[in-house]
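Heads up, the thing below is written out as C-alpha cells.
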Amino acid sequence: MTFGFASSAATSSVSADSVSRLARTLEPAEWASAGIPLLRNPREVVSGLHSRHSPSPSTAVVAVLDHDERLTASASFVRRGGTVADGWEFRNSLLSHLRRVLPHDLRRRTPVRTAVLMYCREGDERWTEEDGAWMWGLRDACTLHGLRCGAYITLTRNGWQVLGEGRGGRQPNATSKPAALSETSAFRDPTPLRTGGGAADALLRTAAR
C-alpha cells in the first residue's frame, strides 16, 4: 500500500507539472490574435541578426528594435540541452539577457521599443511546443522589461519563418554563411550597439519561480 500511494503522488506531481508547462505555452492562433506588430522588412532583420550572431541550432537571439526598426541592442545564448521546454525558464533567460544589454522602459506609459526573438533549431518550419514556450517567454519578458512584444522567428536548415504571419524565406538558414553586416541597412548605424552573450553562453536560471 505504501508503494501504491507513493506512485500515485509521483504521478500527480508529474501531471501537475505538465499542466503548468502547457499553461506557459502559446498556440499559433493565440499568437496571431495577440496583436503582435508586423515587421516591415523581416528578411532584413533576420539577415542582420544572422550576420551579427551566427546562430547554430539551439541558439536564441533576442533583439530590441526602435520605432524605425533599427537595432538598438541584442544578445544571443544557447538553450541548455536535455531540458524540458518551459516558458517560465525561457522568460527568465530572455529577461536576464535583456537586462544586460538594455535599461528597462517600465517608466513609460506605452512601450516605444520592440523586442523580437529568433530561435535557431532543428526540424522544419511547423510550430512545436518548444516554439509555443518561447512565444510565452518572449511576451512575458517584454511585459517585465517595458517593451512591446514583437515577432517570433524560427531559423532552420530550410530557411526562416515569422510564425503567425506566414512570411519566410530560404536565406539565411541554419547552415548558411553569415553575410557582411554592411549589406543590411538596419545594422549600418555607426552608433555602438549594446550586444551581450554569444553562441557559447548557456541558458541561465535567473529568476525564482
Side-chain angles (χ1 to χ4, degrees), residues 17-40 42-43 45-46 49-50 53 55-65 69 71 73-81 83-99 101-102 104-105 111 113-156 158-169 173-174 197 203-207 209:
D17 185 59
S18 298
V19 170
S20 295
R21 285 201 306 273
L22 287 174
R24 298 190 289 269
T25 299
L26 291 178
E27 298 279 347
E30 294 177 290
W31 184 257
S33 64
I36 305 299
L38 301 179
L39 290 170
R40 291 196 297 271
R43 184 184 300 277
V45 172
V46 172
L49 295 179
H50 184 261
H53 292 276
S56 57
S58 296
T59 301
V61 181
V62 60
V64 178
L65 309 178
E69 213 165 90
L71 183 67
S74 66
S76 62
F77 56 95
V78 174
R79 180 193 169 192
R80 186 166 42 243
T83 58
V84 177
D86 189 327
W88 209 330
E89 292 288 345
F90 293 168
R91 185 280 307 272
N92 293 344
S93 191
L94 289 168
L95 191 57
S96 172
H97 284 82
L98 284 171
R99 286 169 174 166
V101 298
L102 192 76
H104 67 73
D105 281 345
R113 294 183 287 195
T114 303
V116 300
L117 176 62
M118 183 173 75
Y119 183 55
C120 183
R121 62 167 173 76
E122 299 290 355
D124 56 30
E125 69 279 2
R126 288 175 293 184
W127 179 90
T128 66
E129 287 188 6
E130 182 182 27
D131 293 326
W134 279 116
M135 290 171 168
W136 189 96
L138 175 62
R139 187 184 65 177
D140 216 41
C142 287
T143 298
L144 294 173
H145 206 64
L147 301 171
R148 184 167 58 168
C149 181
Y152 174 70
I153 306 158
T154 57
L155 187 71
T156 67
N158 297 329
W160 58 271
Q161 177 158 321
V162 184
L163 267 67
E165 295 185 19
R167 293 191 291 175
N173 58 58
L203 185 154
L204 303 176
R205 295 177 180 270
T206 59
R209 295 188 179 183

query = Checking H53 side chain against S74 main chain: does a donor-acceptor pair fall under 3.5 Å?
reply = no
ask   = Side chains of H50 and P55: does their closest heavy-atom pair fall under 4.5 Å?
value = yes
query = In Å and rounded to the nearest 0.5 Å, what is the CG to CZ distance from D86 to R24?
reply = 4.0 Å
task = Could you tell me whether the side chain of L163 reaches within less than 4.5 Å of the side chain of P28, counting heavy atoms only?
result = no
inquiry  = If I compare all heavy atoms of A85 with all of R79, which pair ends up nearest, and what's the gap?
reply    = N-NH2, 3.1 Å
query = Going through the distances and angles, do W136 and L26 end up as a side chain to side chain contact (heavy atoms under 4.5 Å, CB included)?
reply = CA-CA 6 Å; W136 189 96; L26 291 178; 4.2 Å; yes
task = Report the C-alpha separation of D105 and L147 in whole Å, then their side-chain angles, then the decisive distance to 0.1 Å, and conclude whether the side chain to side chain contact (heavy atoms under 4.5 Å, CB included) test is met.
result = CA-CA 7 Å; D105 281 345; L147 301 171; 4.0 Å; yes
message = If I take atom CG from residue L49 and atom CG from residue L65, how far apart are they, to the nearest 0.5 angstrom?
response = 7.5 Å
task = State, yes or no, whether a side-chain contact exists between L94 and F77 at a heavy-atom distance under 4.5 Å.
result = yes
task = Working to the nearest 0.5 Å, report the span between OG1 of T128 and CH2 of W134.
result = 11.5 Å
ask   = If you take all heavy atoms of R148 and P37, which pair is closest and at what distance?
value = NE-CG, 3.8 Å
request  = Find the distance between CG (L138) and OG1 (T143) and round it off to the nearest 0.5 Å.
outcome  = 9.5 Å
inquiry  = Within the supplied structure, the quantity of interest is the number of heavy atoms (other residues, nucleotides, ligands) at a distance under 6.0 Å from E30 CD; does it exceed 12?
reply    = yes
message = Give me the atom names and distance for the closest heavy-atom approach of A133 to T25.
response = N-CG2, 3.9 Å
ask   = Does R167 reach the main-chain N or O of L39 with its side chain, forming a donor-acceptor pair under 3.5 Å?
value = yes
remark   = A141 and L98 have their tightest heavy-atom pair at CB-CD1, 4.4 Å
request  = To the nearest 0.5 angstrom, please state how far the CD atom of E130 sits from the CE atom of M135.
outcome  = 11.5 Å
query = H145 vs H104 aromatic rings, parallel, tilted or perpendicular, using cut-offs 30° and 60°?
reply = perpendicular
note = Nearest heavy-atom contact between G168 and R43 is O-NH2, 4.3 Å
inquiry  = Taking the basic N atoms (NZ, or NE/NH1/NH2) and the acidic carboxylate oxygens, is any pair closer than 4.0 Å for E89 and R80?
reply    = no
note = Looking only at heavy atoms, the pair that brings A174 and L155 closest together is N-CG, 4.0 Å
query = Atom SG in C120, atom CD1 in I153: separation rounded to 0.5 Å?
reply = 12.0 Å
ask   = Would you say the side chain of W160 lies within less than 4.5 Å of the side chain of M118, judging by non-hydrogen atoms?
value = no
request  = Using atom types as modelled and distance alone, determine if a side-chain donor or acceptor of D140 lies under 3.5 Å from a backbone N or O of G137.
outcome  = no
message = If we count only N and O atoms by modelled type, under 3.5 Å, do the side chains of D131 and Y152 hold a donor and an acceptor together?
response = yes
